[in-house]
Amino acid sequence: MSVVQELADLDATAQATLVRERRITPAELVDAAIAAIERVNPKINALIIETFAKARAQARARDLPAGPFRGVPYAIKDLICETAGDPFHAGMRFLKQRSWVASADSFLAAKLRAAGFVFVGRTNAPELGPVPTTEPEAYGPTRNPWDPSRSSGGSSGGSAAAVAARLLPAAHGNDGGGSIRIPASECGVFGLKPSRGRISLGPAHGDIWTGLVVEHALTRSVRDSAAILDATQGAMPGDPYAAPPVARPYRDEVGANPGRLRIGVLAGAPAGAVSVDPECVAAVEDAATLLGTLGHHVEVAHPAAMDDMEFMRWMGLMVASSTAWDLRAWSQRVGTTITAADVETTTWALAEVGSGLHAADYIETVAWMQGYSRRMAAWWEQGFDLLLTPTLAEPPPRLGEFTPPPEDPLHALVRATPLIIFTAPFNVTGQPAMSVPLWWSAGGLPIGVQLAAAYGREDVLFRLAAQLETARPWAARRPPIAA
């Protein structure tokens with residue numbers, strides 16, 4: 001096995017340990033990642049913007065921050081998180097054609113740099129992020145390393161594919177309806193969506209999609225996810241709200257005894273709204289059995305509010321309103337009015353719906369989502385610690401299935417229903433939830449299971465995730481396409 005392959009199989013924590021012990025230099029780590037990217041990325045199209053020269057210079061700089069991930073290569077998803085001096089296109093052909101470059105770091109980017117990460121590029125994302133697949137017209141599809149004919153998920157599909165294919169040990173992601181958990185499930189990696197307000201979206205944003213969107217990462221190990229959240233969590237001045245304070249570092253929760261948890265199980269779709277693939281049901285049943293053998297109390301139960309399918313309509317109105325605002329904001333920022341010819345069919349159709357709404361419609365949408373959140377939270381107050389569900393109602397779909405026909409410009413949103421029906425409720429409520437890679441289909445495709453906790457209780461998720469990772473290790477599973 002080559003040095004590149006040996007390093008590629010290490011998680012970010014292990015790579016950082018090599019640097020700290022002076023067994024390898026940051027420059028050698030970054031060079032190995034670049035070699036892996038150059039060899040494998042053409043097969044999956046996970047990274048779409050390379051910043052290799054800048055990364056090499058940073059890795060060799062004497063002032064590289066001595067944070068917990070000093071010298072570890074990392075990639076930023078090309079959505080929301082801007083990095084100073086680097087191209088930023090948000091999946092948009094409009095920005096790509098204008099060679100748009102970010103002028104400043106977001107708070108998150110600055111914290112990641114302070115942690116010692118070295119940015120090697122940006123990962124692929126769908127235009128403005130509203131669909132759960134990564135197939136933007138601007139850059140083409142990201143292919144799933146387990147089966148290149150299939151989607152890697154969205155909207156953090158580029159990051160998930162890069163981590164699964166061993167191009168990088170971890171990569172940035174964000175989640176507005178499942179956009180960390182969906183790609184994590186489809187690519188066989190670990191993905192946790194933190195609580196609303198856990199990571200600042202500033203300084204450019206107070207919130208996005210009225211609190212539905214959160215930032216974090218895609219990782220192969222639970223400890224990496226915990227340690228990255230330690231480095232990036234915390235409110236910044238001017239944030240409109242913040243998640244509850246952390247009792248101790250999340251890294252300390254990894255390996256801690258979770259105790260005997262009360263876990264509800266929902267294997268079928270809420271209200272029977274969609275059919276759940278037998279492989280996804282089997283994944284949940286297997287996870288429930290495993291949780292029982294680990295000493296947890298597992299019972300068939302779920303919040304009654306999840307059966308209220310009205311949440312799909314209200315969430316759709318919120319996304320439509322936000323898309324209309326996105327196009328207005330980018331028009332103002334660039335100084336050129338965006339037209340239908342500048343964006344994808346789905347984006348324009350969403351924006352038209354949003355533009356037709358009144359301010360009172362928006363306030364009504366916010367009020368409904370807040371009421372839904374209270375109804376959901378009541379279930380956890382009844383003594384439940386976690387809810388176990390499929391992450392998705394089906395295995396990774398084939399590429400092209402979200403492409404809208406001319407007569408149905410919103411086809412992608414309807415097609416998205418089986419992929420967001422379990423994940424999106426927790427964006428509305430702001431609760432933390434994670435996709436854990438415990439199951440692979442008979443055809444060799446990864447099938448994740450989701451566990452959701454009460455608001456602010458990422459600690460419970462990390463403790464249980466580490467317990468599951470020990471009981472059913474997944475890190476050794478390598479997709480057919482990998483460094």
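Using modelled atom types, no side-chain atom of Ser156 and backbone atom of Ser159 make a donor-acceptor pair closer than 3.5 Å. Here the side chain of Thr51 pairs no donor or acceptor atom with the backbone of Ala55 at under 3.5 angstrom. Side-chain atoms of Thr429 do not come within 3.5 Å of backbone N or O of Ser373 as any donor-acceptor pair. The main-chain N or O of Arg251 is found under 3.5 Å from a side-chain atom of Asp230 such that the two form a donor-acceptor pair.
Sorted by first and then second residue, the salt bridge (charged side-chain N to carboxylate O under 4.0 Å, His left out) pairs with a member in residues 115-133 read Asp78-Arg122; sequence neighbours excluded.
Using a 4.5 Å cut-off on side-chain heavy atoms (C-beta onward), Ile447 and Pro395 make contact.
For Phe94 and Trp330, the ring centers are positioned 6.0 Å apart or more.
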Trace of the salt bridge (charged side-chain N to carboxylate O under 4.0 Å, His left out) decision for Glu82 with Arg333: CA-CA 14 Å; Glu82 300 189 28; Arg333 193 171 176 185; 3.0 Å; yes
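Look at Lys54 and Asp86 and you find a salt bridge, because one of the NZ, NE, NH1 or NH2 atoms lies within 4.0 Å of a carboxylate O, short of that distance. Taking 4.0 Å as the cut-off between side-chain N and carboxylate O, Glu253 and Arg248 count as a salt-bridged pair.
Checking Pro397, Cys187, Ser151 one by one against Asn144, the side chain to side chain contact (heavy atoms under 4.5 Å, CB included) holds for a single residue, Cys187.
By the 6.0 Å and 45° rule, Lys96 stacks over the aromatic ring of Tyr139.
Here Thr365 pairs with Trp314, Leu317, Met318, Met369 under the side chain to side chain contact (heavy atoms under 4.5 Å, CB included) rule; sequence neighbours left out.
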